[in-house]
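Step one of this worksheet: look at the structure below.
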Amino acid sequence: MNTPKFIGLDNYTRLFDGTDQYFYNSLAVTFKYVILRVPLGLIFSFIVAFLLNMEFIRGKSIFRTIFYLPVIVPAVASSMIWIWLFSPDLGLFNSFLEALNLPTLNWLYSEETVVPSIVLMSLWGMGSTIIIFLAGLQGVPRSLYEAAIVDGAGAMRKFLHITIPMMTPIIFFNLIMGSIGAFQVFTEALIMTQGGPNNASLFYNYYIYREAFLFGEMGHASAIAWILFMIILIVTAIFFRTSKSWVFYESEV
């Protein structure tokens with residue numbers, strides 16, 4: 001049995017001095033995913049929730065169920081489905097592009113498209129965010145819209161000056177939760193890409209898993225995990241710090 005040996009800050013030194021060549025790569029890949037996934041996820045979820053909240057939409061309960069179903073599908077099963085959808089030869093997406101006489105893509109098998117492909121897949125599982133947005137939209141007082149109509153406001157002005165300001169606390173909540181979740185992306189890399197091709201999808205959480213459970217570097221993996229904790233803490237603190245300038249709370253009036 002090996003005797004544990006205290007090495008101080010050597011694990012952190014290995015990370016920041018470039019000795020571990022995968023550390024900065026995993027950071028870059030993860031931040032690329034976060035930058036793409038969080039804004040697109042918020043916009044997509046908000047648009048879907050806004051449409052589901054419209055009174056003239058029929059069968060809204062059915063659509064709500066459809067959009068929420070991917071949330072309860074196991075992540076592994078979802079990943080297997082999307083592997084088939086992204087298949088360059090037999091996948092549904094490339095078949096659709098071929099039918100439109102458009103160039104096909106390698107999706108998960110190209111360094112340029114693997115992260116955007118996983119971002120696209122993540123939008124399929126935004127049911128929880130959609131439900132939260134929908135609940136927020138239904139909580140906007142109708143009296144505000146009625147007053148705006150009396151003042152002659154059109155649909156766009158009501159959206160920009162009533163809906164968006166009243167929804168900023170919900171947007172802020174989903175921004176925080178979405179960012180934390182995006183930094184911890186893992187299952188897609190484990191099941192679909194194993195960090196490839198050429199480490200182009202080596203997400204930070206998968207990097208931790210690989211160091212700890214594939215290479216047995218538990219101390220090194222623990223140091224990497226602490227850095228992830230600090231990154232999420234700093235990003236969350238920045239969001240809270242800047243929220244005072246754009247988040248509107250009705251109780252403050």
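Please read these numbers as outputs of a predicted model, since none were measured by experiment.
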Review point. Between Phe23 and Arg14, is a side chain to side chain contact (heavy atoms under 4.5 Å, CB included) present by the stated rule, with each step listed?
Key: CA-CA 9 Å; Phe23 173 66; Arg14 285 175 57 195; over 6 Å; no

Side-chain atoms of residues 27-36: list all donor-acceptor pairs with protein atoms under 3.5 Å, sequence neighbours left out, distances to 0.1 Å.
unit_1, atom_1, unit_2, atom_2, d
Thr30, OG1, Ser26, O, 2.7
Thr30, OG1, Tyr204, N, 2.8

Review point. What is the ring orientation for Phe16 with Tyr24, classed by angle as parallel under 30°, tilted 30 to 60°, or perpendicular over 60°?
Key: perpendicular

Straight-line distance of [X] [atom1] to [Y] [atom2], nearest 0.5 Å:
| X | Y | atom1 | atom2 | result |
| --- | --- | --- | --- | --- |
| Phe229 | Ile232 | CZ | CD1 | 8.5 Å |
| Leu85 | Phe93 | CG | CZ | 5.0 Å |
| Phe203 | Ile208 | CZ | CD1 | 13.5 Å |
| Asn174 | Phe46 | CG | CZ | 10.5 Å |
| Leu120 | Leu123 | CG | CG | 6.0 Å |
| Phe172 | Met167 | CZ | CE | 14.5 Å |

Compile the donor-acceptor pairs under 3.5 Å between side chains in residues 212-227 and protein atoms, sequence neighbours left out, one pair per line.
unit_1, atom_1, unit_2, atom_2, d
His220, NE2, Asp20, OD2, 2.6
Ser222, OG, Met218, O, 2.9

For [X] versus [Y], what's the shortest heavy-atom pair and its separation?
| X | Y | result |
| --- | --- | --- |
| Ala189 | Ser201 | CB-O, 3.8 Å |
| Phe173 | Ile132 | CE2-CD1, 3.7 Å |
| Gly91 | Ser95 | O-OG, 2.9 Å |
| Gln194 | Ile191 | NE2-O, 3.2 Å |
| Ser45 | Gly41 | OG-O, 2.7 Å |

Point to revise | Residue pair Trp246, Ile171: steps toward the side chain to side chain contact (heavy atoms under 4.5 Å, CB included) verdict | key: CA-CA 10 Å; Trp246 63 274; Ile171 296 173; 4.1 Å; yes

Review point. Considering only heavy atoms from C-beta outward, does the side chain of Thr129 approach that of Met126 to under 4.5 Å?
Key: yes

Review point. Would you say the side chain of Tyr249 lies within less than 4.5 Å of the side chain of Val247, judging by non-hydrogen atoms?
Key: yes

Side chains of residues 101-110: which donor-acceptor partners sit under 3.5 Å, not counting sequence neighbours?
unit_1, atom_1, unit_2, atom_2, d
Trp107, NE1, Asn94, OD1, 2.9
Ser110, OG, Glu112, N, 3.3
Ser110, OG, Glu112, OE1, 2.9

Side-chain donor-acceptor pairs under 3.5 Å in residues 153-164, sequence neighbours left out?
unit_1, atom_1, unit_2, atom_2, d
Thr163, OG1, Tyr145, OH, 2.7

Side-chain atoms of residues 61-83: list all donor-acceptor pairs with protein atoms under 3.5 Å, sequence neighbours left out, distances to 0.1 Å.
unit_1, atom_1, unit_2, atom_2, d
Thr65, OG1, Ser61, O, 2.9
Ser78, OG, Pro74, O, 3.3
Ser79, OG, Ala75, O, 2.9

Practice item. Give a yes or no on this: more than 12 heavy atoms of other residues, nucleotides or ligands lie within 6.0 Å of atom CG of Leu233. Key: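 Yes, the 6.0 Å shell around CG holds more than 12 heavy atoms from other groups.
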
Review point. Does the side chain of Thr19 come under 3.5 Å of the side chain of Asp17 through a donor N or O and an acceptor N or O?
Key: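 Thr19 vs Asp17: donor-acceptor pair found between side chains.
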
**Study point:** Flag, side chain of Ser122 to backbone of Val119, donor-acceptor distance under 3.5 Å
**Key:** yes

Sequence neighbours excluded and cut-off under 3.5 Å, please list the side-chain donor-acceptor pairs for residues 176-188, or say none.
unit_1, atom_1, unit_2, atom_2, d
Ser179, OG, Leu175, O, 2.7
Gln184, NE2, Ile180, O, 3.2

